[in-house]
Enquirer: 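Could you have a look at this structure, given as structure tokens, before my questions?
Below, each value reflects all heavy atoms present in this structure, side chains not excepted, and no hydrogens, waters or symmetry copies.
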Amino acid sequence: MRTLTELLILLALAIFVLMYRKSKDGKVLKNIADSVGDVYNKYAPYSFKIVREKAKELGQEYTTRQYITQVILLGGLAGIIGYFYFYSIVWAVIYALATIAFIPYLAYLRCQRVYSEFIFEQIQTYTTNVIMEFNTTQSFVKSLEGVRDSGIIEDPVLSDISKMIDMSYKNGTIDESIEYFNSKYPYYMVKNMHQLFLQITKEGSRDAGESLENMSMDIDALVEGVYRDQMDRKNFHKRFLTFALVLFALVIVVEFMLGKDNYIELLEMWYVQLILHVIIIINIYFLITGEKYYNEDVGAE
């Protein structure tokens with residue numbers, strides 16, 4: 001086991017030295033991060049590339065330094081846990097590398113959350129301003145044009161509003177354009193508002209002011225609920241990470257109670273090591289599931 005560990009360490013050092021010599025500017029870690037980023041961008045799904053570009057545009061995408069810091073912190077923490085669980089450098093390295101391999105997935109979840117929050121804010125702005133414009137124009141299509149030209153909506157919602165306008169003029173009706181937008185942004189506030197405009201358009205309601213005012217109040221209530229949910233998620237995330245760290249530390253506490261020598265004797269039993277691996281895997285699954293809950297479906301009503 002010791003020979004294998006020494007070989008792995010020497011191999012890692014040899015690779016690092018080789019890359020350092022080939023690096024022209026000496027910034028090995030940055031070059032590695034850039035190379036990984038290039039490969040990731042090449043094979044990442046097109047939809048995620050759009051999401052990541054929007055996160056960069058909003059200034060919420062991690063910098064190279066932040067990603068390297070994340071690699072060092074998460075990989076180092078996983079290595080420490082792996083070592084003190086098994087007193088093996090090999091397992092420490094394996095769990096450190098496995099944890100680092102999940103960082104692109106964590107970045108994916110984070111970008112999805114940033115994008116979802118952005119889209120929800122855009123949809124909130126869209127619905128509120130269409131209702132305000134309708135009070136002046138008394139025309140749904142003219143309201144869309146007013147919102148489009150106001151400069152308060154950004155892509156991709158802006159492009160979809162333009163497409164709605166083109167479809168409405170082409171078909172002479174708003175039905176298809178509303179169906180298109182509802183399928184792209186299936187929010188209750190969007191569907192309810194569009195349904196109201198369909199009724200006003202087809203039934204020719206003379207006084208839609210009260211209905212639109214009630215709709216605005218409903219939208220405000222939905223938005224308040226969503227933002228409250230986001231705050232609850234953030235509070236949950238802090239408590240969740242603390243609890244996850246406590247779960248990982250339980251075995252180390254047991255080791256402290258038994259004593260290092262007694263604990264190492266237990267490690268010689270294969271089923272004890274198996275149990276420890278199962279504990280780590282379950283805790284990691286618990287962590288990933290929690291991160292997925294925290295980052296996904298933000299803005300869902």
Enquirer: With rounding to the nearest 0.5 angstrom, report the NZ to OG1 distance, Lys238 to Thr242.
Expert: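 Interatomic distance, Lys238 NZ to Thr242 OG1, rounded to 0.5 Å: 10.0 Å.
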Enquirer: Side-chain contact test, heavy atoms from C-beta onward, threshold under 4.5 Å: evaluate it for Phe86 versus Ile280 and give yes or no.
Expert: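 Yes - at least one pair of side-chain heavy atoms lies under 4.5 Å apart.
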Enquirer: About how many Å separate CG of Asn295 and OH of Tyr108, when rounded to the nearest 0.5 Å?
Expert: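 Spacing of OH (Tyr108) from CG (Asn295) equals 10.5 Å.
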Enquirer: Considering residues at least two apart in sequence or located in another chain, which fulfil the ring-ring contact (aromatic ring centres under 6.0 Å, His included) criterion with Phe236?
Expert: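 Applying ring-ring contact (aromatic ring centres under 6.0 Å, His included) to Phe236 gives Phe240, Tyr293.
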Enquirer: Ile252, Ile275: one ILVMFWY side-chain cluster at the under-4.5 Å cut-off?
Expert: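 Yes, it is one cluster - the side chains of Ile252 and Ile275 are joined through contacts under 4.5 Å.
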Enquirer: Test question: given the 4.5 Å side-chain rule for I, L, V, M, F, W and Y, name all other residues clustered with Val253, or answer none.
Expert: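 Members besides Val253, by chain and number: Met257.
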Enquirer: Scan side-chain atoms only and decide if Asp175 and Thr173 contain a donor-acceptor pair under the 3.5 Å cut-off.
Expert: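 Present: a donor and an acceptor within the cut-off.
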Enquirer: Is it true that the side chains of Tyr67 and Glu61 contain a donor and an acceptor less than 3.5 Å apart?
Expert: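 Present: a donor and an acceptor within the cut-off.
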Enquirer: Only pairs at least two apart or in different chains count here, so list each ring-ring contact (aromatic ring centres under 6.0 Å, His included) that has a residue in residues 135-174.
Expert: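 For residues 135-174: Phe140-His194, Phe140-Phe197.
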Enquirer: Does any pair with a residue in residues 155-167 pass side-chain hydrogen bond (donor to acceptor under 3.5 Å, both in side chains), and if so which ones, sequence neighbours excluded?
Expert: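 For residues 155-167: Asp155-Ser159, Asp160-Tyr180, Asp160-Lys184, Asp160-Tyr185.
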Enquirer: Side-chain contact, heavy-atom cut-off 4.5 Å: Glu154 with Phe118?
Expert: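 Yes - at least one pair of side-chain heavy atoms lies under 4.5 Å apart.
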Enquirer: Any chance you could lay out the ring pair (Phe, Tyr, Trp, His ring centres under 6.0 Å) test for Tyr126 and Phe181, step after step, and finish with the verdict?
Expert: CA-CA 12 Å; Tyr126 162 76; Phe181 200 88; 4.7 Å; yes
Enquirer: Enumerate the residue pairs fulfilling side-chain hydrogen bond (donor to acceptor under 3.5 Å, both in side chains) with a member in residues 252-279, sequence neighbours excluded, ordered by first and then second residue.
Expert: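 Qualifying pairs: Tyr87-Glu255, Tyr95-His277.
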Enquirer: Considering residues at least two apart in sequence or located in another chain, which fulfil the side-chain contact (heavy atoms from CB on, under 4.5 Å) criterion with Val71?
Expert: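 Val71: side-chain contact (heavy atoms from CB on, under 4.5 Å) contacts with Ile100, Ile103.
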